[in-house]
Amino acid sequence: MSGGTKPGAMWGGRFDEPPAELFKRFNDSLPIDWRMVQQDIAASIAWARELHAVGVLSEHECQRITEGLNDVARHAATLPGPPLASGLEDVHTWVEHELVQRLGDLGKKLHTGRSRNDLVSTDIRLWTRDCILERRRELAELRRAFLDIADRHAHDPMPAYTHLQPAQPVTIGHWALAYEAMLARDSARLLSALDRVNECPLGCGALAGTAYAIDRHRLASALGFARPSGNSLDAASDRDFALETLAVFAACAVHLSRLAEDMIIYNSAEFALVKLSDRVTTGSSLMPQKKNPDALELIRGKCGRIAGAHAQLLMLLKAQPLAYNKDNQEDKAALFDASDELSLCLRIAVLVMDTTTFDLERCRARASAGYANATELADYLVARGVPFREAHEVAGKAVRVALAAGQPLEALPLEALRAIHGAIDADVYDVLTLEATLSKRRAFAGTAPSRVDEARAAARTRLASEQA
Ligand code: ARG
């Protein structure tokens, strides 16, 4: 005999031998799916009601099963972790086993007409529904942090980059609202995914549908689902809803990694645009002067893990024949881990953004440096009838002259500028100021302080209405 305990409690009938110990460890999912114990019980209670409605359970039996399941739920809530000593295969088996312990043979009626295939899918959907709502709450909190920065620094200038080269000045408010916009889209994507998560597979049986005259619409609404899933063969093994949720998590993690990178760079001694607080940085064991942006580096690093979970589920689903296959048991590890990690990243990002200070003087100085106003000179010439391509060339020459002189554009004397192009006059200095550069970008979505004011008010209203 190859070791092992007893044949699976739920399916031992046709087996002579118990599973090998090693295989049992390989096969059991209780350590992971334990997290869905409350969902499994909720689904079971709703199922018992339907069994009563079709006459499988009497009123009294249904009531006893419901009470029994509620008792199991209370017991489960007191356990510190998965009850591995039970030796049971998965959370569904555990719940049923506990019920039978309490009710004897009556507990054995619960699994009538259902399968673990429709049950597990229902449990994951219930779990994912809550998970989406929680991640959206955390997203809202991070958006709030960016809106606070936008309020504090609506009009303060900072440099903005393309290719990590100083490009044009923007306001800090505009920068903060850029991240708020990404997170708002992630939140909207989650809401859209929720619509497809919110379907009830229970009553689809193993794959062909249940043989009992269950009212699946009533069952779905009892569990708060928008509708029952429409094809039992599909529903028994569909995990798109989790795939889609993980895709949004991955996109959100990518946004957070961009934020982390911005902040790491801005916090570096070379840029010094922001100062991270001691509360989210660490020291070096060797170099006493160091203050390392570990919180941000971990956010950046965990992006790989979260995006990896999406790739993991995608590959898990690839080429699975209809319908349920045990491969699907691997879905939960990916989903749970990505959700936990994203939750941490979002909450840490709030802590970082709430405690970071901007060095306003340095931001202003860097916004004016690096010839970020070269575009203004070109636009100035355009206003004087010079075609843009020529104006661009002239402004480029002016930058070269200024570079050689080690001066910003606006420090070049008028004669020097006129030597480059005769259309340049004394009023050019007005357009080369930081304030002029910012306030000119007044078209919708631009960084002009008046637009930033509008945008942050709109973003606040949108966030408030989403939360209502
Ligand atoms: N533990 C399984 C899972 O997570 C439950 C479904 C088992 N179904 C089956 N036909 N073996 O997928």
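Start at 1 and go down the list; that is how both ligands and their atoms are numbered.
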Salt-bridge criterion met for [X] and [Y] (N-O under 4.0 Å):
| X | Y | result |
| --- | --- | --- |
| R258 | E261 | no |
| R136 | D186 | no |
| R64 | E61 | no |

Decide whether R125 and N198 meet the rule of one side-chain donor and one side-chain acceptor closer than 3.5 Å.
-> no

Table of N or O contacts for ligand 1, cutoff 3.5 Å:
from     : atom 1 : to   : atom 2 : distance (Å)
ligand 1 : 1 (N)  : S29  : OG     : 3.1
ligand 1 : 1 (N)  : D90  : OD2    : 3.2
ligand 1 : 1 (N)  : Q329 : OE1    : 2.7
ligand 1 : 4 (O)  : K332 : NZ     : 2.7
ligand 1 : 8 (N)  : N117 : OD1    : 2.9
ligand 1 : 10 (N) : N117 : OD1    : 3.0
ligand 1 : 12 (O) : Y324 : OH     : 2.5

Atom pair OG1 (T112) and NZ (K109), whose distance is rounded to the nearest 0.5 Å |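 If we round to the nearest 0.5 Å, T112:OG1 and K109:NZ are 8.0 Å apart.
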
Tell me, please, which residues at least two apart from F358 pass ring-ring contact (aromatic ring centres under 6.0 Å, His included).
-> H153, W175

